[in-house]
2 protein chains.
Amino acid sequence: MKKNITISDVAKQAEVSKTTISRYLNGQFGSMSAETKARIAQVISDLNYRPNRQAQALKSKRSYLIGVIVSDISNMYSSLLLKGIGEVLEAAGYQMIIMDAANSVEKEQDLLHKLIDQSVEGIILQPSSRDASRYEFIQSEKIPLLLVDRGIEPLIYPFVTTDNEAATKKMLPYILEKKYQRVVVISEPLADILTREIRYQSIKDMIEAENIHLDLLEVTSETDLQMEINTCLAYPEKTVLFASNGKMLMEVLTILITGNISIPDEIGVTGFDDWNLSALVGPGITSIEQQTQYIGNVTGEQLLSYLDDESKEQEVKVVPAKIQLRDSL
Amino acid sequence: MKKNITISDVAKQAEVSKTTISRYLNGQFGSMSAETKARIAQVISDLNYRPNRQAQALKSKRSYLIGVIVSDISNMYSSLLLKGIGEVLEAAGYQMIIMDAANSVEKEQDLLHKLIDQSVEGIILQPSSRDASRYEFIQSEKIPLLLVDRGIEPLIYPFVTTDNEAATKKMLPYILEKKYQRVVVISEPLADILTREIRYQSIKDMIEAENIHLDLLEVTSETDLQMEINTCLAYPEKTVLFASNGKMLMEVLTILITGNISIPDEIGVTGFDDWNLSALVGPGITSIEQQTQYIGNVTGEQLLSYLDDESKEQEVKVVPAKIQLRDSL
DNA sequence: GTGAAAGCGCTAACAC
DNA sequence: GTGTTAGCGCTTTCAC
């Protein structure tokens, strides 16, 4: 139950003014006698003094806080992304306030406001909506906003993303090589998230040129995925399931594996693997692996650069993904 | 570039005093004319006013912030744990400041101080050390601390944990049934983390009564796990690898699967699966699945109860784990 | 080399 | 029903 000790207590003990203590705390030793400095250091450690962040922030307008909003923290993609971001921001002396939008645009709006209320100095957002108008209000604050993983329309903020098109297209030759005649894209609803649509469009673009059927299966909480996959198994054409993110990939694999369906004999499987787990699953899944943690690093660095240089022009950073060839095609 | 609008601006516009605005903000409408109330509401929305959290916290000593420190945010266990904690705290009007100790006790100490500096109202900690003396200093703050996942010695704080002993012991019959003669526990270093030791001891206790060999393999960054597993494969006795957490389990499985080693024919595998992924891997892994997100829920609820009732006595909440029988034994 | 004083944006006695 | 006032713990001119 110690009473909170403040800068005044330190000043009193050290027999100097609060000003001098404040200077000491902020490294302004410019014209401070070594003796004073030593005395202050001593008192601070004696009293176990720590400056109150809120008071500092209130006065100095510096919070050293960065807000990070992920769309769903239980999605393991977040783990690696946050790790990557944290490594960089931490090293630069910032602290992250991590928040979970839980896939809700309303909640996300609320969280954005809360971050601003906390006087964060910057915001990193994995948006839960593609609609830029939702995020326009942040422009009127002086807080830099950086998007990661998912873009918005129009793209009014800087953005760090996986190279979705290129990665998808690099997958084509392997699908052709195995003579697949039908590709079923399994995705969460395209309309909500731009990245989903980009991935789908990329697949579509590459498939249409060839003489291959393309289906889109949009999975919602109402979807009976088990049944849909059974339908796919019944197709006369040689079919491959293309999961458009790690979560879908795992759901598809769970159904195939627990259903004892042989991959790739009965059906091929590929897709985006956010977690780099697909080596372990089934026969080993040929997949597009994102460098999630590295994306986080880049995101952190980009944000720092915007913090540094307010007039820096907005750019899009594209991080390449890697095709991992295994045995599911 | 809007100038920050403050309570004074609102007061001026609404032609009342700051006090009245403050009362409005804090829901003290007790004796406020409906007319004033409406006018204030109007002005606040006109000006798009939002109170400054730092100032509120500075004055009122309420930050509505809860600090959460995980030992390694890239460990996917964190994802589910944070989700669970967040659901509960959020609903109660608190915000989490999530921090990553990155498996470093020094960093963890630093983060604890930083959380206190931020005036968090409570701290949830997945400790990176078992040594209670590292955490004693928090007792002198008035901030409740709750441990999760890993205990410390002595247990001077309340604690939420998986039922490690019971879960481990429930696994015994299945190991016996398959006539394993040697159990190799694969764990990160026992000395650092109490939970690791408890898991090992539980296995030891249950194995020693039977006539079965028990080995312990402590894995550090220096360990050549591949080679160690080859050694295990060469044992004349029928052997099972018992991974003591999700990370170890995945590392072991990666080696076995990429090495084309047949599970369970050549070697049995089981262990703790933090991520509930083991259904998908190899032949399906018989494992101990933690209810990680639920542990998070319980953790959040416990913290709230300590926030509520400062004199509440410290308790240990044990959440049962589940044995999942599959085909790796 | 150091200090006095004002004030960041808010809350909470206490007054009327 | 509402306002006056005095801070919360800190930073920062400006002065000596």
Side-chain angles (χ1 to χ4, degrees), chain A residues 2-41 43-44 47-65 114 116-121 141-142, chain B residues 2-41 43-44 47-65 114 116-121 141-142:
Chain A
K2 87 175 170 203
K3 121 183 199 329
N4 265 313
I5 96 122
T6 78
I7 199 172
S8 299
D9 301 324
V10 178
K12 208 164 298 167
Q13 278 265 349
E15 299 179 299
V16 291
S17 72
K18 292 195 297 177
T19 312
T20 305
I21 307 296
S22 177
R23 284 193 184 114
Y24 177 90
L25 293 176
N26 294 288
Q28 298 159 17
F29 308 121
S31 47
M32 193 180 302
S33 73
E35 199 249 310
T36 309
K37 195 168 149 186
R39 192 149 32 88
I40 294 176
V43 173
I44 286 182
L47 295 183
N48 220 328
Y49 167 71
R50 301 210 117 224
N52 176 315
R53 281 293 196 172
Q54 327 254 16
Q56 286 184 302
L58 180 58
K59 185 70 210 187
S60 68
K61 308 294 179 205
R62 299 277 284 129
S63 68
Y64 296 97
L65 257 25
K114 286 191 167 144
I116 295 168
D117 296 347
Q118 291 287 350
S119 313
V120 295
E121 295 189 23
E141 317 284 337
K142 57 278 144 200
Chain B
K2 85 177 173 202
K3 119 179 201 331
N4 264 313
I5 96 122
T6 78
I7 199 172
S8 300
D9 301 324
V10 178
K12 209 165 298 169
Q13 278 265 352
E15 300 180 297
V16 291
S17 73
K18 293 196 295 178
T19 310
T20 306
I21 308 296
S22 176
R23 284 192 184 115
Y24 176 90
L25 293 175
N26 295 288
Q28 298 159 16
F29 309 121
S31 46
M32 193 179 304
S33 73
E35 199 250 311
T36 309
K37 194 167 149 186
R39 191 150 30 88
I40 294 177
V43 172
I44 286 183
L47 296 182
N48 219 329
Y49 166 72
R50 301 211 117 224
N52 176 314
R53 281 294 196 169
Q54 327 255 18
Q56 285 185 301
L58 181 58
K59 185 69 210 185
S60 69
K61 308 293 180 207
R62 297 279 283 130
S63 67
Y64 296 96
L65 257 24
K114 286 189 167 145
I116 295 167
D117 296 347
Q118 291 287 351
S119 314
V120 295
E121 296 189 23
E141 317 283 337
K142 57 277 144 202

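Each chain gets a letter, A, B and so on, in the order its sequence line appears, and its residues count up from 1.
Rounding to whole angstrom units, NZ of residue B:Lys12 and P of C:dG9 are separated by 11 Å. Between B:Asn52 atom CG and D:dC8 atom C1' the separation is 13 Å, expressed in whole Å. One interatomic measurement links the two molecules: CD of A:Gln56 to P of C:dG9, which rounds to 17 Å at whole-angstrom precision. What separates CG of B:Leu58 from P of C:dA12 is a distance of 12 Å, to the nearest Å. Residue B:Gln54 contributes atom CD, which lies 21 Å from atom P of C:dG7 at whole-angstrom precision. Residue B:Ile7 contributes atom CD1, which lies 18 Å from atom P of D:dC8 at whole-angstrom precision. D:dC10 atom C1' lies 12 Å from atom NZ of A:Lys61, rounded to whole Å. In this structure, CG of A:Asp117 is placed 13 Å from C1' of C:dC10, rounded to the nearest angstrom.
Counting distance only, with no hydrogens placed and no angle test, the side-chain atoms of B:Lys59 and the base atoms of D:dG7 include a donor-acceptor pair under 3.5 Å. Counting distance only, with no hydrogens placed and no angle test, the side-chain atoms of A:Arg50 and the base atoms of D:dG9 include no donor-acceptor pair under 3.5 Å. In terms of polar N and O atoms assigned as donor or acceptor, the side chain of B:Thr19 comes within less than 3.5 Å of the base of D:dT4 in a complementary pairing. Donor-acceptor pairing under 3.5 Å, judged by distance alone, is present between the side chain of B:Arg23 and the base of D:dG3.
Of the candidate nucleotides D:dG9, C:dT2, D:dG3, D:dG3 has the atom nearest to the side chain of B:Val16. Minimum atom distance to the side chain of A:Gln28 is reached by D:dT12, of the listed D:dT12, C:dA12, D:dC10.
Counting only heavy atoms from C-beta outward, the side chains of B:Asn52 and B:Thr6 never approach each other to under 4.5 Å. Between A:Ile7 and A:Tyr24, the closest side-chain pair of non-hydrogen atoms is not below 4.5 Å. Residues B:Glu35 and B:Arg39 have side chains in contact (heavy-atom distance under 4.5 Å, counting atoms from C-beta outward).
Contact annotation: B:Thr36 reaches the phosphate of D:dT2 (side-chain N/O to OP1 or OP2, under 4.0 Å). Dashed line: the shortest gap from a side-chain N or O of A:Ser60 to OP1 or OP2 of D:dC10 is not under 4.0 Å. Contact annotation: A:Thr20 side-chain N/O to C:dG3 OP1/OP2 distance is under 4.0 Å. Between A:Tyr24 and D:dT11 there is no side-chain polar atom (N or O) within less than 4.0 angstrom of OP1 or OP2. The phosphate of C:dG9 has neither OP1 nor OP2 within less than 4.0 Å of any side-chain N or O from B:Thr6.
Separation of atoms NZ (B:Lys18) and CG (B:Asp9) is listed at 10.5 Å; rounding is to 0.5 Å.
Heavy atoms from other residues, nucleotides or ligands lying under 6.0 Å from CD of B:Gln28 number more than 12.
No donor-acceptor pair under 3.5 Å is formed between the side chain of B:Ser119 and the backbone N or O of B:Ser63.
Heavy-atom distances to DNA chain D give each of A:Leu25 and B:Glu15 a nearest nucleotide, and the one nearer the 5′ end belongs to B:Glu15.
Using a 4.0 Å heavy-atom criterion, one finds that B:Lys18 contacts the bases of the nucleic acid, with or without backbone contacts as well. Residue A:Ser22 is in base contact, counting any heavy-atom pair closer than 4.0 Å across all strands shown. Nucleic acid contact class of B:Tyr49 (heavy atoms, under 4.0 Å, all strands): sugar-phosphate only.
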